[in-house]
Amino acid sequence: MTTYTFECPGCGRRYPGTDTRNRCECGEPLDIIYGKQPHVGRETFDGRFGGRSAVERSGVWRYREMLPAISEASIVTRPEGNTGLYMVGAGEHGGFSGVGEYCAVEWLGLKHEGENPTGSFKDRGMTVGVSRAVEMESVAVACASTGNTSASLASYAAQAGITCFVFIPEGNVALGKLAQTLAYGAITLQVRGDFDRAMALVQQVSAEIGVYLLNSVNPFRIEGQKTIAYEMLQQLGWDAPDWVIVPAGNLGNISAIGKALVEAHAAGLTGKVPRLAAVQAAGANPFYQGYAKGFTQRLEVAADTVATAIKIGAPVSWTRAVRSVRETNGVVSQVTDQEIMEAKAVVDRAGIGCEPASAASVAGLRKLREEGTIGANERVVCVLTGNLMKDPEATVAYHMDDTGEVKSLANRPEVVDDEPDEIREMLASYL
């Protein structure tokens with residue numbers, strides 16, 4: 001961990017690290033910029049595997065030299081991170097290879113952030129954000145959420161003993177995520193409106209009553225989420241892939257991962273900067289539309305997608321995400337809900353499983369392969385952002401649907417009578 005200042009990615013204005021604001025005077029969310037960092041080689045991070053202290057067991061604080069300085073006494077950790085990187089390319093053996101075959105790539109890794117303590121990548125950002133809140137002696141924290149952010153913040157706030165306020169769009173949060181938020185004791189406000197309205201309200205009210213806001217507008221959240229990339233690189237022996245593909249909603253993750261890849265290369269941890277691909281749902285695609293127009297204007301849409309975790313029409317981290325795409329020579333793509341759910345079924349069938357928004361990365365890879373943007377021999381990592389059980393309703397609906405829609409991967413339960421001979425005959429048909 002090292003000293004830092006805040007910088008606006010829009011106008012370039014700087015603020016001291018002691019400042020408590022999240023946004024610049026021009027309205028843009030701030031970045032954390034580091035001063036002269038001590039040289040830390042790969043061996044430092046590699047040597048921390050198997051450590052017994054809480055910070056070394058964490059897949060976030062293991063990389064503390066690349067994070068803002070926070071006293072160890074203030075750190076709130078479960079621990080988080082340490083998520084699997086599953087090699088599922090067509091060249092692999094067994095059920096995993098089905099994902100690579102589906103995407104038509106020989107070399108493919110799935111970085112499964114659904115293996116974090118509360119089931120999503122949000123835990124990486126929350127351990128840093130809530131630790132910052134503890135260091136600042138904040139009495140309450142807040143967020144707006146489509147589900148994963150609220151579940152994560154509620155958990156870490158409970159661990160820290162801090163009051164937690166959550167704003168969610170009424171009727172638009174998957175039950176698995178709502179259940180976590182309620183169980184961890186958050187004071188939950190169901191807003192009669194969409195996520196973007198909930199986001200506007202939580203920002204206004206938090207500023208007025210002095211509550212520490214922990215949406216991805218908060219730069220400490222972005223810093224924690226950077227460690228997805230550091231851990232991925234370490235798992236690959238610091239040999240960077242050609243592409244990293246990320247689902248894109250509020251654009252915090254694409255901003256964080258892009259920032260990390262550039263910083264890791266600058267620090268000599270890896271020999272190249274992979275290209276980033278941000279993938280949006282076609283029904284919630286303002287960033288894709290902006291990319292198609294050369295990012296000449298910031299756009300908003302009325303979001304509508306089965307992938308509730310990325311059902312966001314006015315993403316907060318727009319400017320930061322544009323920078324990440326440009327700095328990595330990246331691309332932005334969009335996929336339909338049907339493509340998302342089909343890709344999810346493929347990932348699920350491999351025994352890995354993910355929530356719908358996660359599968360946008362795999363669906364996006366398939367599309368980018370079909371378009372020729374990504375080559376069959378390029379090395380690709382897709383980030384899966386959330387656990388299968390985050391949104392069980394969507395999974396059951398896909399497999400149980402009786403509308404007549406053709407779904408080659410649907411796994412509808414068989415209804416049988418209490419007749420052993422009939423059951424034996426049915427089972428034999430599968431052998």
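None of these values were measured; they are calculated from a predicted model. No hydrogens, no waters, no symmetry mates; every other heavy atom, side chains included, goes into these values.
- Between the side chain of Thr127 and the backbone N or O of Arg124 there is no donor-acceptor pair closer than 3.5 Å.
- Nearest heavy-atom pair across Glu80 and Pro117 is CA-CD, 3.8 Å.
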Inset, instruction - Give the C-alpha distance, both sets of side-chain angles, the deciding distance and a yes or no for side-chain contact (heavy atoms from CB on, under 4.5 Å) between Asn116 and Lys122. - result: CA-CA 8 Å; Asn116 271 287; Lys122 304 287 187 177; over 6 Å; no
Inset, instruction - Determine, stepwise, if the pair Met426 / Val416 fulfils side-chain contact (heavy atoms from CB on, under 4.5 Å). - result: CA-CA 9 Å; Met426 186 201 71; Val416 298; 3.8 Å; yes
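- For Gln280 (side chain) and Tyr288 (main-chain N/O), a donor-acceptor pair under 3.5 Å exists by modelled atom type.
- Residue pairs satisfying the ring pair (Phe, Tyr, Trp, His ring centres under 6.0 Å) criterion with at least one member in residues 171-190, sequence neighbours excluded, are absent.
- Sorted by first then second residue, the salt bridge (charged side-chain N to carboxylate O under 4.0 Å, His left out) pairs that include residues 364-373, not counting sequence neighbours, are Glu339-Lys367, Arg366-Glu370.
- Of the possible polar contacts, one joining the Arg349 side chain to the Leu409 backbone as a donor-acceptor pair under 3.5 Å is found.
- Side-chain atoms of Asn218 come within 3.5 Å of backbone N or O of Phe220 as a donor-acceptor pair.
- Among residue pairs with one or both ends in residues 364-388, none qualify as ring pair (Phe, Tyr, Trp, His ring centres under 6.0 Å); sequence neighbours excluded.
- The shortest distance between side-chain heavy atoms of Thr227 and Glu231 does not fall below 4.5 Å.
- Remark: side-chain polar atoms of Thr83 are not paired, donor with acceptor, to backbone N or O of Glu113 under 3.5 angstrom.
- Nearest heavy atoms, Thr395 versus Leu388: OG1-CD1, 3.6 Å.
- A donor-acceptor distance shorter than 3.5 angstrom exists from the side chain of Ser150 to the backbone of Gly147, with no hydrogens or angles considered.
- A donor-acceptor pair is defined here as one N or O able to donate and one able to accept, closer than 3.5 Å; no such pair exists between the side chain of Asn215 and the backbone of Val217.
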